Asks: 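Handing you a structure now.
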Amino acid sequence: MRRFLVICFVLVVFVVGAFSFYLFPRLQILNGHAAKTLCSCVFVGGIDEERAKKEDIGFFPVTLGSQWVDYEKKEVVADFFGFKPKRARFREGLGCAIYNELPVSQESLVLIDVEESYTGVDALQSERALTAHSDAQIQAVERAMEWAFAEEDPENPTKITRATLVFHMGELVAERYAPGFDSNSRLLGWSMTKTITALLYGILERQGRLSLDDPAPIPAWEGTDKEGITIRHLLNMSSGLAWSENYADRSSVTVMLYESDAMGVMAASASKEFEPGEAWYYSSGTSNILAALLSSYFEDQKTYQRFPYEALFAPLGMKSMCMETDAAGYFVGSSYSWATARDWAKLGLLMLNQGVFEGDTLVNPSWIEFMREPVPASDGLYGGQLWLNAGGKMSATPDDAFSARGFHGQRVQVIPSQDLVLVRLGETYFEPNFDFDEWNQRVISALGEL
């Protein structure tokens, strides 16, 4: 009996110690992720609550906590046995945001009517007949689709694919969706939002309102060692600002996403660790600095919030896009935007065609070239808020490939030499579980030589 009591005591001490030293300091992050993700899944993406709990936040230790969805208030509260609760609220036109110090807002954004504002042909949304692809090619692409949706262990899903799309030589060749999703389903792009942020700056550059080598006009940086950081440095993630992109701990990025009401302001307060341009390291903080800084080019916040819809989404006919803001009303340019697979593909088509979409130039070709130019310190991996294959890391994929990429395996892959845009969206917790290099190779092989 005594031995049993000792064992029980040791187990209790271990559990209490683990909670106190490991889990408790991270509860704001875990509850914040659960509240924000579930809120956006339900109220922006229209995903069933139970499905979102299982697939989008169904991983340890988030599963130890509890989440409640209030459909009347359109908010989600998440906590861990009453500890460190987090509240996320949906705002029409602005998406969901976690409220920390700021009072929970009912504010909304009256958006322009993208459908009325768009005047193009919008081939992606039509059911036009294919002309350049044989039945054999289409069937081969369909088999590549089957591979993308295959799951080795249905009881422990780690490679959930929700949507794939293949756009080749000006034609939508194939698309496929998981049960419960279709061409009208909004899906989260995560860090593909960074590429949107870069394109918005490209539009301002085309309008003559900024240049790449302009110092970032942040008043708090004037007269400090950060005043030499330029727009180029921020877009290239070579600002030199101290940053930790560690999602498994309470780090710079998780504090920004789940404990900050004004994310770009928080990121801009980081100290300088390197000289601008000296080092490259992935930083969602710089993307949110850019997203908040974007507001300085507009007379008020509502004009700023409508800018992406008026200048980018409407010309592309992206009727489904929702770019979410933080509690302070700044776009979360690092992480939060939702669109259908077809609308995500339009970003790829815009970049494939050097900033031109259906005859309209939205971004200068030179800006797309800048986005595709490798940052010297990145070993050919990164450009201007775009991932590159210039270093040949994906051995079966052409070196000219570039992509917008997001957490859990979101990707818009553009391969100019193949006149190809590939979209894959889903919930893959560990990227090796979905081999994008093999996916690219399978589609390219399926299309063959025309």
Side-chain angles (χ1 to χ4, degrees), residues 191 193-246 251-253 255-257 260 262-299 301 304 307 326 328 330-335 363-388 390-391 402:
S191 286
T193 312
K194 293 177 171 69
T195 302
I196 294 175
T197 301
L199 290 170
L200 293 174
Y201 271 83
I203 291 170
L204 290 181
E205 190 262 356
R206 178 169 169 77
Q207 294 174 351
R209 300 167 68 182
L210 62 81
S211 297
L212 269 171
D213 294 311
D214 288 345
I218 299 176
W221 287 2
E222 294 178 7
T224 72
D225 60 352
K226 295 187 276 190
E227 66 180 356
I229 299 173
T230 66
I231 301 296
R232 184 192 299 271
H233 291 139
L234 291 169
L235 288 166
N236 281 341
M237 293 195 180
S238 59
S239 66
L241 296 176
W243 192 259
S244 172
E245 192 85 7
N246 180 0
S251 66
S252 305
V253 68
V255 169
M256 176 185 70
L257 291 176
S260 304
M263 299 185 193
V265 175
M266 174 268 178
S269 69
S271 60
K272 194 176 81 168
E273 186 174 8
F274 303 101
E275 287 303 310
E278 179 181 320
W280 175 85
Y281 46 93
Y282 192 74
S283 166
S284 290
T286 59
S287 300
N288 282 329
I289 292 171
L290 286 163
L293 179 60
L294 192 70
S295 67
S296 67
Y297 294 91
F298 301 92
E299 59 185 14
Q301 192 171 59
Y304 153 73
F307 172 67
D326 59 22
Y330 298 111
F331 290 115
V332 186
S334 67
S335 310
V363 180
N364 288 328
S366 59
W367 189 268
I368 303 299
E369 290 172 9
F370 153 72
M371 292 176 66
R372 293 182 56 191
E373 182 180 350
V375 179
S378 74
D379 294 326
L381 289 176
Y382 207 77
Q385 307 287 288
L386 272 181
W387 289 94
L388 312 176
F402 60 90

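Nothing here was measured: the structure is a model prediction, and the numbers come from that model. Just so you know, these numbers use all the heavy atoms, side chains as well, and skip hydrogens, waters and symmetry mates.
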Asks: Heavy atoms, side chains only, cut-off 4.5 Å: are E245 and M237 in contact?
Replies: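 SC-SC contact between E245 and M237 ruled out.
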
Asks: Among residues at least two apart in sequence or on other chains, which ones pass salt bridge (charged side-chain N to carboxylate O under 4.0 Å, His left out) with R372?
Replies: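 For R372, no residue satisfies salt bridge (charged side-chain N to carboxylate O under 4.0 Å, His left out) once neighbours in sequence are set aside.
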
Asks: Measure across A216 and W221 and return the closest heavy-atom pair with its distance rounded to 0.1 Å.
Replies: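 Looking at all heavy atoms of both residues, the closest pair is CB-CZ3, 3.9 Å.
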
Asks: Determine whether more than 12 heavy atoms belonging to other residues, nucleotides or ligands lie under 6.0 Å from atom CG of D214.
Replies: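 Result for CG/D214: enclosed.
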
Asks: Between L290 and K194, is any pair of side-chain heavy atoms under 4.5 Å apart?
Replies: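 No, side chains not in contact.
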
Asks: What distance separates I218 CD1 from L293 CG, expressed to the nearest 0.5 Å?
Replies: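 The distance works out to 5.0 Å.
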
Asks: Check the pair Y297, Q207 against side chain to side chain contact (heavy atoms under 4.5 Å, CB included), reporting the backbone distance first and the verdict last.
Replies: CA-CA 12 Å; Y297 294 91; Q207 294 174 351; over 6 Å; no

Asks: Applying side chain to side chain donor-acceptor pair (under 3.5 Å) to Q301 and S295, what does each step give before you reach the verdict?
Replies: CA-CA 7 Å; Q301 192 171 59; S295 67; over 6 Å; no

Asks: Between R206 and V363, is any pair of side-chain heavy atoms under 4.5 Å apart?
Replies: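 Answer no - side chains too far apart.
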
Asks: Provide the closest heavy-atom pair for A198 versus M371 in the form atom of the first, atom of the second, distance.
Replies: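 Of all heavy-atom pairs spanning A198 and M371, the closest is CB-CE, 3.8 Å.
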
Asks: May I ask you to test the W367-L212 pair for a side-chain heavy-atom distance under 4.5 Å?
Replies: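 A side-chain contact exists here, since the closest heavy-atom pair is under 4.5 Å.
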
Asks: Working to the nearest 0.5 Å, report the span between OG of S244 and OH of Y281.
Replies: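 Here the rounded value is 11.0 Å.
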
Asks: Would you give the length of the straight line joining atom CG of D326 to atom CE of M266, rounded to the nearest 0.5 angstrom?
Replies: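 Going from CG on D326 over to CE on M266, the span is 12.0 Å.
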
Asks: In Å, rounded to the nearest 0.5 Å, how long is the span from CZ of R209 to CG of L204?
Replies: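 Going from the CZ atom of R209 to the CG atom of L204 covers 5.0 Å.
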
Asks: Are any side-chain N or O atoms of Y201 and backbone N or O atoms of L294, one a donor and one an acceptor, separated by less than 3.5 Å?
Replies: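 A pair under 3.5 Å: yes.
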
Asks: Please tell me if the side chains of S191 and Y282 come closer than 4.5 Å, counting only heavy atoms from C-beta onward.
Replies: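 Counting from C-beta outward, S191 and Y282 do come under 4.5 Å.
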
Asks: Between A292 and G264, what is the shortest heavy-atom contact and its length?
Replies: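 Answer, listing the atom of A292 first, then G264: CB-CA, 4.0 Å.
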
Asks: How close do A328 and A262 get, heavy atom to heavy atom, and via which atoms?
Replies: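 Where A328 meets A262 most closely, the heavy atoms are CB-CB, 3.8 Å.
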
Asks: Side chains of S334 and N288: donor-acceptor distance under 3.5 Å anywhere?
Replies: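 Side-chain D/A pair, S334 to N288: present.
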
Asks: Could you give me the CA-CA distance, side-chain angles and deciding distance for I229 and L234, then say whether side chain to side chain contact (heavy atoms under 4.5 Å, CB included) is met?
Replies: CA-CA 7 Å; I229 299 173; L234 291 169; 4.0 Å; yes

Asks: Say whether, by atom type as modelled, one donor and one acceptor occur between the side chain of S283 and the main chain of W243 under 3.5 angstrom.
Replies: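 The answer is no, because no donor-acceptor pair under 3.5 Å joins these two groups.
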
Asks: Nearest 0.5 Å, please: how far is NZ in K226 from OG in S269?
Replies: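 These two atoms lie 6.5 Å from each other.
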
Asks: Check salt bridge (charged side-chain N to carboxylate O under 4.0 Å, His left out) between E369 and all other residues, then give those that pass, not counting sequence neighbours.
Replies: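 Salt bridge (charged side-chain N to carboxylate O under 4.0 Å, His left out) check on E369 returns nothing, list empty.
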
Asks: Would you say the ring centers of W387 and Y382 fall short of 6.0 Å from each other?
Replies: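 Aromatic pair counts; centres sit under 6.0 Å.
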
Asks: Can you check side chain to side chain contact (heavy atoms under 4.5 Å, CB included) on R232 and S238, steps first, answer last?
Replies: CA-CA 8 Å; R232 184 192 299 271; S238 59; over 6 Å; no

Asks: Taking all non-hydrogen atoms of both residues into account, name the closest pair between S378 and W280 and its distance.
Replies: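 So the two residues come closest at CB-CD2, 3.8 Å.
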
Asks: What's the verdict on side chain to side chain contact (heavy atoms under 4.5 Å, CB included) for N236 and E373, showing C-alpha distance, side-chain angles and the deciding distance?
Replies: CA-CA 10 Å; N236 281 341; E373 182 180 350; over 6 Å; no

Asks: For Q385 and L235, indicate whether the former's side chain and the latter's backbone hold a donor-acceptor pair under 3.5 Å.
Replies: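 Side chain of Q385 to backbone of L235: a pair is present.
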
Asks: Would you check if L200 and F331 make a side-chain contact, meaning some heavy-atom pair closer than 4.5 Å?
Replies: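 No, every pair of side-chain atoms sits at 4.5 Å or beyond.
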
Asks: For a quick test of reading the model, state the closest non-hydrogen atom pair linking T286 to S239 and the distance between them.
Replies: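 So the minimum-distance heavy-atom pair works out to CG2-OG, 3.6 Å.
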
Asks: At what distance, to the nearest 0.5 angstrom, does NE2 of H233 lie from CD1 of I231?
Replies: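 The distance works out to 11.0 Å.
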
